[in-house]
Number of protein chains: 2
Amino acid sequence: MSTDQTSSRPRLTRQRQLILDRLDQVDTFLSAQQLHAALRAEGETIGLATVYRGLQWLEEAGIVDSVRTTDGEATYRRCSMAHHHHLICRRCGRAVEVHGEVLEEWSRAIAAEHGFTQPEHFVEIFGLCPECTTRAAQNESSDSL
Amino acid sequence: MSTDQTSSRPRLTRQRQLILDRLDQVDTFLSAQQLHAALRAEGETIGLATVYRGLQWLEEAGIVDSVRTTDGEATYRRCSMAHHHHLICRRCGRAVEVHGEVLEEWSRAIAAEHGFTQPEHFVEIFGLCPECTTRAAQNESSDSL
DNA sequence: CTGGCACATGATAATGATTGTCATGTTCTT
DNA sequence: AAGAACATGACAATCATTATCATGTGCCAG
């Protein structure tokens with residue numbers, strides 16, 4: 001019992017800490033590429049592959065969660081609690097965590113109704129955040145197309 | 001001017017019809033690559049790029065809809081009606097269209113609550129279909145890990 | 001303190017899906 | 001039948017992601 005084979009030696013390294021710190025500073029989703037560029041811009045030396053690996057590891061560990069953008073890029077964000085969904089601004093990328101018991105129940109019910117087991121659901125709501133809504137309204141007048 | 005610039009000349013071509021026919025035959029999601037391979041296997045001459053373009057067009061036209069797999073590949077399926085979601089078997093890929101007024105209302109409410117406008121939502125439920133559930137239960141006894 | 005080991009890193013190459021290019025084919029209009 | 005407008009197909013280009021592999025780093029035993 002004293003043997004702990006699941007967790008081995010070093011784990012949360014300097015570069016993984018860097019990634020995590022960075023994600024703590026923003027409240028939007030960031031792609032691996034963006035994260036890498038941002039860290040390099042700050043003068044940190046970190047490889048792109050390391051960012052990918054770090055994010056994968058952090059995701060498996062349940063420390064961050066990921067969302068695919070419509071063009072297939074994976075983006076990551078630090079997440080606080082067990083289960084939640086996101087309300088994402090399709091313009092600036094700002095994200096808000098939302099919860100919904102209604103939704104959980106609904107998905108369980110739908111799955112059961114069709115005889116599906118072990119249901120898991122992925123929900124993302126995209127829209128325009130208050131700021132971007134205002135900005136969009138202002139640009140309306142000068143819109144040619 | 002009787003010129004109709006929104007809808008121009010040829011549209012639903014032979015190869016787009018091929019894609020559509022193929023999607024009508026299955027009830028799972030197919031990727032562009034799978035679709036292309038399947039059509040070529042049947043002896044049809046159709047280019048990969050054409051499949052991609054065809055699917056894009058069909059999607060914009062609302063004739064098919066797409067879902068991203070967890071590894072980022074876009075998959076497509078013929079869809080019947082305006083707005084719905086999917087209950088997808090994560091083992092065999094079988095998909096069932098589901099509807100939920102509850103969900104629509106919920107997403108509108110959540111968006112409004114946070115001042116977001118023009119909400120759009122993406123919902124997918126993944127689980128094991130009845131058949132795969134049975135099969136999984138049978139394999140349990142011989143599972144080593 | 002020191003050697004060794006397991007894992008992490010970083011640079012780069014490889015992969016794989018998707019998109020762009022461009023010359024040619026198709027089809028519709030006149 | 002001619003011309004315009006779009007579609008096609010082969011191939012190159014792009015872009016995110018993953019694999020490779022030699023090197024680095026931190027932790028453990030002695």
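These numbers were taken from a predicted model, which means no experiment stands behind them. Note on naming: letters A, B, ... go to the chains in the order of the sequence lines (proteins, then strands), and numbering restarts at 1 for each one.
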Subject >> Side-chain H-bond candidate by donor/acceptor type, B/Glu59 with B/Ser66, under 3.5 Å >> reply: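 Yes.
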Subject >> Donor-acceptor pair between A/Glu104 and A/His121 side chains, under 3.5 angstrom >> reply: yes
Quick one: [X] [atom1] to [N] [atom2], roughly how many Å, whole number?
{"X": "B/Trp57", "N": "D/dC6", "atom1": "CH2", "atom2": "C1'", "result": "12 Å"}
{"X": "A/His36", "N": "D/dT18", "atom1": "NE2", "atom2": "C1'", "result": "15 Å"}
{"X": "A/Ile46", "N": "C/dT9", "atom1": "CD1", "atom2": "P", "result": "7 Å"}
{"X": "B/Gln17", "N": "C/dT27", "atom1": "CD", "atom2": "C1'", "result": "16 Å"}
{"X": "A/Leu12", "N": "D/dT25", "atom1": "CG", "atom2": "P", "result": "18 Å"}
{"X": "A/Arg14", "N": "D/dT25", "atom1": "CZ", "atom2": "P", "result": "10 Å"}
{"X": "B/Arg16", "N": "D/dG9", "atom1": "CZ", "atom2": "P", "result": "11 Å"}
{"X": "A/Leu58", "N": "C/dT9", "atom1": "CG", "atom2": "P", "result": "10 Å"}

Original post:
Okay, side chain of A/Thr75, backbone of A/Val67: is any donor-acceptor separation there less than 3.5 Å?
Top reply: yes
Subject >> Distance (rounded to the nearest 0.5 Å) between B/Phe116 CZ and A/Ile88 CD1 >> reply: 9.0 Å
Subject >> A/Arg68/A/Glu124 salt bridge by N-O under 4.0 Å criterion >> reply: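 Salt bridge between A/Glu124 and A/Arg68, a charged N being under 4.0 Å from a carboxylate O: no.
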If you compare every side-chain N and O of [X] against the phosphate oxygens of [N] (OP1, OP2), does one of them come in below 4.0 Å?
{"X": "A/Thr13", "N": "C/dT9", "answer": "yes"}
{"X": "B/Gln15", "N": "C/dT26", "answer": "no"}
{"X": "A/Arg53", "N": "C/dC7", "answer": "no"}
{"X": "A/Arg40", "N": "C/dA11", "answer": "yes"}

Original post:
Under the criterion side-chain hydrogen bond (donor to acceptor under 3.5 Å, both in side chains), which of B/His84, B/Arg77, B/Arg78 is the partner of B/Asp65?
Top reply: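 Filter result, single survivor: B/His84.
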Produce the list of close N/O pairs, under 3.5 Å, pairing protein atoms with atoms of nucleotides 15-18 of chain C; give distances to one decimal.
unit_1 : atom_1 : unit_2  : atom_2 : d
C/dT18 : OP1    : B/Ala74 : N      : 2.9
C/dT18 : OP2    : B/Tyr52 : OH     : 2.7
C/dT18 : O5'    : B/Tyr52 : OH     : 3.4

Original post:
With sequence neighbours left out, what residues match A/His114 under side chain to side chain donor-acceptor pair (under 3.5 Å)?
Top reply: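 By the side chain to side chain donor-acceptor pair (under 3.5 Å) rule, A/His114 matches no residue at all.
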